[in-house]
Amino acid sequence: MAAKLYGGAYLSSFVDAALENLSKILEHDSVLNGTDSTRELLQRLEKSLFDVAPVLDDAELKQFTDKRVKRWLVDLQDALYSTDDYLNELSTKIATATPRDPGFSSYCSSLVDSYIEGSRDLEHIVRTLETAVARKAYLCLKETAKVDMSWRIPSTSLVVTSDIFGRDKDKEEIIKLLFDDTCDAESPVTVIPIWGMGGIGKTTLAQLVYSDAEVVEKFDTMAWVCVAENFDPLGLTRTMLQKINPASSVDTYDFDSLQTRLKEALMRKTFLVVLDDVWHDQKDTWEHLLKPFQYGNHASKILLTTRSEKVASVVATTKLQYQLSLLSEEDCWLVFLKQAHLSADSINPTLEKVGKDIIKKCGRLPLAVQALGGLLRGNSNVMYWNQILKSEIWEFSHDKIKVVPALRISYYYLPSCLKKCFVYCSLYPKDYELSKSELILLWMAENFLQIYTMQLRFPIWRMWSTVVKLRRQECLRNMALILWRCIGLPMKISILLIPKLKMIYKLRPHSNLKLLEIWGYRSTRFPDWLGNSSYHNITEVTLYNCRNCRTLPSLGQLPSLKHLEISGFESVETVGDEFYRTDESCWETPFPMLETLWYESMPCWKEWRCSLEFNALPRLRKLTIRECPMLRGDLPNQLPSLQSLWIQKCEQLSCCCLPPLLSVLSIRGKHQVESMVEAIKHTRLTCLTSLYISDCSSHLLLPVVNHVTICISSFDLGFDE
């Protein structure tokens, strides 16, 4: 299982949301006019949230090396979840309890006070959060966090070419750009950025290019500068001047003087300057820094390495940006063997298999391959190799391999939103095969849901927890699946389609989907993928509370659909051909496997049409229609397999013809009962075994039907002999 990450990136959103919510609560009349004890509790809660927010970034860094900090973050996370849940419930309570007449503000205040003091939940939440926040002092957490850079050694231009594998083609491409004097004719300075993830080999590639004999011959002035994350224009200019003109002393810290001297040193020179490991992405700063380089010959170049695509786009046009790709598995294996001091000819076959599995674990990242190869140098113990294979890379100590801090710095410099995405992905086990796009969509769905629930102020989390009986984090993860292509792992996908949110039209569930629920969809029509026959595994569909939809989705071509429930469609007036098929040229039987069909709470539904040529619903066994007061006419003529019919509160519906195989009949309402009695008189229902009747007139004559159990309520009964 991949290790879970906690910290500022993930928890700060809950702190911000809680503070925003709490601020509105404290400003509300019901609290301002309430008791001192209520205000005191809420103010204590606010203080704890303000106290903990500044140290989250430091805790985020220290969790990797200090297990106490990680445990603290886990406890803090639980406390923040409880806080956020409670404040959402309190906001809802205030919103629903506030009278429109301002004269009743005291009544509202007492109601809120009694809710807070009566449940005692807030007092417990405040104490729990205060306890967690107080522990930050013992953990020596700081309000300004800096990433530890002590492990880093500045890069140089020196390289041992025999240690490098798989970069010949990349080297040729970069040299081709260096030798092309027309590649960026419009720019006063030609910058060629090599960009890619940490540990992929950008610096190594730049070293190979820099030391190439043809490159050395072309450029009469060359300089290698390791920039790293401490971007200081003045210091960087001093360093470049010292590298380009080592004979002269640099005895000034005046930026203008330094730039002037650098300009003079570069005048009419054909130079190659390598700026390695660049992080700074402010365009105006780069423009000032590179002004002296405009005075060199036009064939001059600046080669830059960076992990940031944004940096690459700031310093160069798209055609000059070179994105470095991962090594092939074959080249990774050669790197691994080199670092482990092994040869392909002599390695034990068992070790070779384990070693190649380790390579796969490294994800073709050269730095990781190099680090683990060095870790196994001189050790041929199969059990030890297997131990390395099964370990998490985060578990290795920093003095043995440098890959962990090297990758951690990439995480540290991510924007806050991407940090949240990174942490979110860490929640999933390694054996979940998720593509890049699937992870992105999954995370986007989660964030949309978080925003929605914060705005709605409705206890949707509590509702969901009741359904799936999971902790909030797992609830959120399951809810996030709603807008995302499912990976085939969940047996059931429940969909809460959010109003103003149109992503459902772009995102399409996986074809292996089996069960589908859609709750609260607010658009007027469903996306085209819903009901597509390619979803051959769907057996159950529930559509609930889609109030704005004017037509039902075309579900008739789902070949395996057995159970369908439709409820709360307040705008639907007609169910017609569109419900059975999407393409008029398609003559396959609609709903070929449907066994149960349930309609409920459709107040505007007036007509149910079904063309005879469809031969629809051949296997329908149970039909329920409830609370459809405007539905008139008769049931579809052809329901050959119907055995159970339940009709309630459908005052205008007539049932003149009943299916012959009907065994259970339940009717509620005066008009339905009278209509059904007439139908029973004229239909030979040889299979009828149970008849349930309620809420009809006091005088009713029923035909005598042998072997039928009759249950009646709310009227006197007479029997027709």
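What you see is a predicted model, and the numbers here were worked out from it, not measured in a lab. Computed from heavy atoms alone, side chains included, the values below leave out hydrogens, waters and symmetry copies.
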For the atom pair CG (D170) and OG (S325), what is the distance rounded to the nearest 0.5 Å?
-> 5.5 Å

With side chains defined as the heavy atoms from C-beta onward, is the minimum distance between P193 and V311 less than 4.5 Å?
-> no

Over-ring placement of K356 relative to W333, 6.0 Å and 45° cut-offs | yes

Would you say S23's side chain and L19's backbone share a donor-acceptor pair under 3.5 angstrom?
-> no

E309 side chain to Q323 main-chain N or O, any donor-acceptor pair under 3.5 Å?
-> no

For the pair W385 (side chain) and N379 (backbone), establish whether a donor and an acceptor sit closer than 3.5 Å, ignoring hydrogens and angles.
-> yes

Mind listing the closest non-hydrogen atom pair of K202 and G196 along with its distance?
-> NZ-O, 3.2 Å

Answer yes or no: is there an ion pair linking D251 with R238, defined by an N-O contact shorter than 4.0 Å?
-> no

Hey, does the Lys NZ or Arg CZ of K218 hover above the aromatic six-ring of F179, less than 6.0 Å from the centre and inside 45° of the axis?
-> yes

Taking the side chain as C-beta and beyond, is there a heavy-atom pair between M240 and P292 under 4.5 Å?
-> no

Keeping the roles fixed (side chain from N297, backbone from A299), state whether a donor-acceptor pair exists under 3.5 Å.
-> no

Flag side-chain contact, heavy atom, 4.5 Å: K62 against W72 = no

Which heavy atom of Q207 sits nearest a heavy atom of L158, and at what distance?
-> NE2-O, 3.4 Å

Side chains of E130 and D51 in contact at under 4.5 Å (non-hydrogen atoms) | no

Run the side-chain contact (heavy atoms from CB on, under 4.5 Å) check on V215 and M222 step by step: do they pass?
-> CA-CA 10 Å; V215 172; M222 299 178 66; 4.2 Å; yes

Are R135 and D75 close enough for a salt bridge, meaning some N to O gap below 4.0 Å?
-> yes

Test F293 against V273 for side-chain contact (heavy atoms from CB on, under 4.5 Å), laying out the working first.
-> CA-CA 10 Å; F293 293 88; V273 175; 3.8 Å; yes

Indicate the atoms forming the closest heavy-atom contact of P233 with L289, along with that distance.
-> O-CD1, 3.8 Å

Hey, are the side chains of R44 and R127 touching, using non-hydrogen atoms and a 4.5 Å cut-off?
-> yes

First locate atom CD1 of I125, then atom CG of D84, and finally report the distance between them rounded to the nearest 0.5 Å.
-> 10.0 Å

Is there a donor-acceptor contact under 3.5 Å from the side chain of D58 to the main chain of L141?
-> no

Considering all heavy atoms of both residues, which atom of R364 and which atom of C332 are nearest to each other, and what is their separation?
-> CA-SG, 3.5 Å

Distance-only, no hydrogens or angles: does the K269 side chain make a donor-acceptor pair with backbone N or O of E264 under 3.5 Å?
-> no

With side chains defined as the heavy atoms from C-beta onward, is the minimum distance between L76 and L129 less than 4.5 Å?
-> yes

Please confirm whether the backbone N or O of L178 pairs with a side-chain atom of K301, one donor and one acceptor, at under 3.5 Å?
-> yes

Closest heavy-atom pair, A312 versus T306, reported as atoms and distance to 0.1 Å, is N-CG2, 4.2 Å

Any donor-acceptor pair under 3.5 Å from Y210 side chain to A223 backbone = yes

So how far is it from D256 CG to L234 CG, rounded to the nearest 0.5 Å?
-> 11.0 Å

Interatomic spacing from CD in E46 to CZ in R39 - rounded to 0.5 Å | 13.5 Å

Taking all non-hydrogen atoms of both residues into account, name the closest pair between V250 and L258 and its distance.
-> CG1-CD2, 3.6 Å

Is any side-chain heavy atom of I358 closer than 4.5 Å to a side-chain heavy atom of L389?
-> yes

Look at E172 together with K176 and state whether they make a salt bridge at an N to O cut-off of under 4.0 Å.
-> no

Give me the ring orientation class for F231 and H280: parallel if the planes are under 30° apart, tilted from 30 to 60°, perpendicular past 60°.
-> parallel

Separation between OG1 (T204) and CG (D276), nearest 0.5 Å, reads 9.0 Å

Between T270 (side chain) and F219 (backbone), is there a donor-acceptor pair under 3.5 Å?
-> no

Quick one: does W286's side chain get under 4.5 Å of L304's, heavy atoms only?
-> yes

Checking Q339 side chain against R377 main chain: does a donor-acceptor pair fall under 3.5 Å?
-> no

CG of L73 to CG of D66: how many Å apart, nearest 0.5 Å?
-> 10.0 Å

Does the side-chain contact (heavy atoms from CB on, under 4.5 Å) test come out yes or no for L303 and I194, once each step is laid out?
-> CA-CA 8 Å; L303 186 62; I194 304 172; 3.9 Å; yes

Stepwise side-chain contact (heavy atoms from CB on, under 4.5 Å) test for V225 and V274 | CA-CA 6 Å; V225 180; V274 174; over 6 Å; no

